[in-house]
2 protein chains.
Amino acid sequence: MPRLDDVARAAGVSKATASRALSGASGVAASTRERVQRTADELGFRVSGAARRLATGMTRTIGVLTPSVNRWYFGSVLHGIAHAADAHDHDVLLYDLGAFGRGGHEKFERFMTRGEVDGLVTITWSLVGGDLTRLADLGIPVATVGEPTQHTRSFALDDDAAGEQAAEHLVRLGHTDLLHLAAEPEVQPFEASSSDRRKRAFERVSARHGLRIRPVQTVPTTLEGAHAVVREIIDRADRPTGIVAGTDEVAMAALLAAHQLGIRVPEELSVIGVDDVPAAAAFGLTTIRQDPAQHGEDVVAWIMAALDDPDDEPDRSHTAYAPVLVVRSSTAPPS
Amino acid sequence: MPRLDDVARAAGVSKATASRALSGASGVAASTRERVQRTADELGFRVSGAARRLATGMTRTIGVLTPSVNRWYFGSVLHGIAHAADAHDHDVLLYDLGAFGRGGHEKFERFMTRGEVDGLVTITWSLVGGDLTRLADLGIPVATVGEPTQHTRSFALDDDAAGEQAAEHLVRLGHTDLLHLAAEPEVQPFEASSSDRRKRAFERVSARHGLRIRPVQTVPTTLEGAHAVVREIIDRADRPTGIVAGTDEVAMAALLAAHQLGIRVPEELSVIGVDDVPAAAAFGLTTIRQDPAQHGEDVVAWIMAALDDPDDEPDRSHTAYAPVLVVRSSTAPPS
DNA sequence: CCAATCATCGGAACCGGTTCCGACCATAGC
DNA sequence: GCTATGGTCGGAACCGGTTCCGATGATTGG
């Protein structure tokens, strides 16, 4: 494996000049640069990432802290991040916190102070307690996607608007008796979660339109987790005419349960979710769409900008994405 | 940020000794080691990963090449990898090839020769053409999970057995008229894919039991992709009594389509899948289970062992995981 | 009591780049 | 024609560890 020294010698320049030529720095004659470039190619030279890191202090890597990797939302964000990072010629280091068993906290501690990344993005629910605050003091750009946060730059769906739109959609169809199924994350989030936000949005709409008051039911976020409990909830005589689910997975669980109980959708029961997961279309699920991959792209773009910019005021703003209603066949006027 | 020098000075030893003490190398008096360790803690010393990498040539990082990240299979493998890597105190660098747009090949090329990882695992369909072969010559342990492969160590479900078990299950129930829905990956794999293997297993079972011959139908792997085409296939007068789907997603698509067409499952149609994704239980889907997270754990364990072992013969063996049948309510004798 | 052995430690080279600073040369301006 | 200016380039320090090798002192065996 040829070193920079070799390239320099072969091209008849100094190591310093070779470095400049290859890294695209200024102060090198065009002809020289080209020559160095060429001999580097011929020799099959690759800069040593390790050496570059040591010298520059930059890792060309961004870290991602995520509570999970194989749920749609997280996976999509991660995908967006990977795409954008690659476009900026950066690597992505994955920290699957869910994988960290019980020792999660110490691992996190150790990781934090290791300086293996230039920037960090945490996905919702990743951090608890004061971790996020400490993270923000890391000296590198830190951003959160999935929920608004005080301590870092953040990106997320506008959950208030999403929750309202979902409920309003059913109200406009004529429903007056709705039930909200709040999706509860496995691990309790630090600040008010999107689940809470959607729930409160539902309650606002209920109050505004004087709907029948039914206590919000809290169920697991996942299809498999929610299924049994949702089924039991639906299997009652005084069932609502419409269900506003906090998540598509919960909504799909409701659809499945309804089917198994012989309840016709949307004739006897309307169901609306939030997310627009890929399977939603096949289910004919009316839902509120969000595009997590885009969030991932945006968060990386922000990190890159923060990396370039001279270190001005830390930016802790929040960008909320507007939800969009996608009407399919799981909702209709009550009969 | 204190350096090793500082720790050494503070502890009254040389940099060399401090290094040995902290890295756990031998040749250091127990008392000295403890003293160094203590002062390191007090000073809040963290080794510089960059410096260590440069000096040792080891990165304590393993790379993962995956065609996607938000499909159950890939996500699960990745989860297993992350878990195991963490247990071995290694980081994981994620290469979401799906994110690499068109330039995927060059990116791959560049990545290959960068030496940012100590070991590499590629997940099914990641590589095409001779890439895998070249990867294996990288000088670092390389393994594949998802399909048996000639060029690297590999781990995968025994697709032949899985395909046979699925078909046999329906045959034992008395079905004689089956249809196989082969799940076709978005990008064509290098070698015979698991899809092919399952398909051929189905054909073997068909021949063995003299079942009615229906040409295998090839459909997209994903629920959303398969749904429309499966629906059309099912919506015919001479529909089979049973469907063997190459994938749970395809099977669920069939279930959904059947429901929408008013076809009762399992009375009028039996459906069996492969995977046992989390949602399968809620669907009541009979399926052949595999545990990709375990594959991920195992592949990391192998890499770690390969890293420790003196460089003996390259191990290119394959471990096939035995499938297990999970019977639920989507299959029954034909009526 | 002396020499051989062993455990422990320090010095210094090395990993492979980046970058500050100064030298040098050519052109431009007066 | 001479000096100020700017563009190129080389030398060398530096990033922060690891590890080879030799020195030292203590212990053990004869």
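Below, chain A is the first sequence line, B the second, and so on; all start at residue 1.
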Steps toward salt bridge (charged side-chain N to carboxylate O under 4.0 Å, His left out) verdict (B/Arg46, A/Glu116): CA-CA 11 Å; B/Arg46 312 264 105 179; A/Glu116 301 282 29; over 6 Å; no
Selection from C/dT18, D/dT18, D/dC15 that lies nearest to any side-chain heavy atom of B/Ser23: D/dT18
Specify whether B/Tyr321 and B/His295 have parallel, tilted or perpendicular ring planes, treating 30° as the upper limit for parallel and 60° as the lower limit for perpendicular. parallel
Using five pairs at each end of the helix from C/dC1-D/dG30 to C/dC30-D/dG1 to define an axis, what is the angle between those two axes, to 10°? 40°
Would you say B/Ser48 reaches D/dG17's phosphate, i.e. side-chain N/O to OP1/OP2 under 4.0 Å? no
Nearest-Å distance, CZ (B/Arg46) to P (D/dC15)? 21 Å
Scan B/Ala29 against the nucleic acid and name what it touches under 4.0 Å (heavy atoms): base, sugar-phosphate only, or nothing. sugar-phosphate
Nearest-nucleotide pick for A/Lys15, side chain only, options being D/dC20, D/dA13, D/dT18: D/dA13
Side-chain N or O of A/Arg52 less than 4.0 angstrom from OP1 or OP2 on C/dG16? no
Hey, does B/Arg20 reach any base, or is it just sugar-phosphate, or nothing, if we go heavy atoms under 4.0 Å? base
Does B/Arg9 come within less than 4.0 Å of B/Asp6, counting only side-chain N to carboxylate O? yes
Taking atom types as modelled, is there a side-chain donor on A/Ser317 or A/Arg153 under 3.5 Å from an acceptor on the other? yes
Just checking B/Gly12: base, sugar-phosphate only, or nothing, at a heavy-atom cut-off of under 4.0 Å? sugar-phosphate
Respond yes when some side-chain nitrogen or oxygen of A/Thr32 is under 4.0 Å from OP1 or OP2 of D/dT8, and no when none is. no
Just to confirm, is there a sub-4.0 Å distance from OP1 or OP2 of D/dC9 to any side-chain nitrogen or oxygen of A/Thr17? no
Distance only, no hydrogens: is a donor on one side chain within 3.5 Å (strictly under) of an acceptor on the other, for A/Thr149 and A/Ser154? no
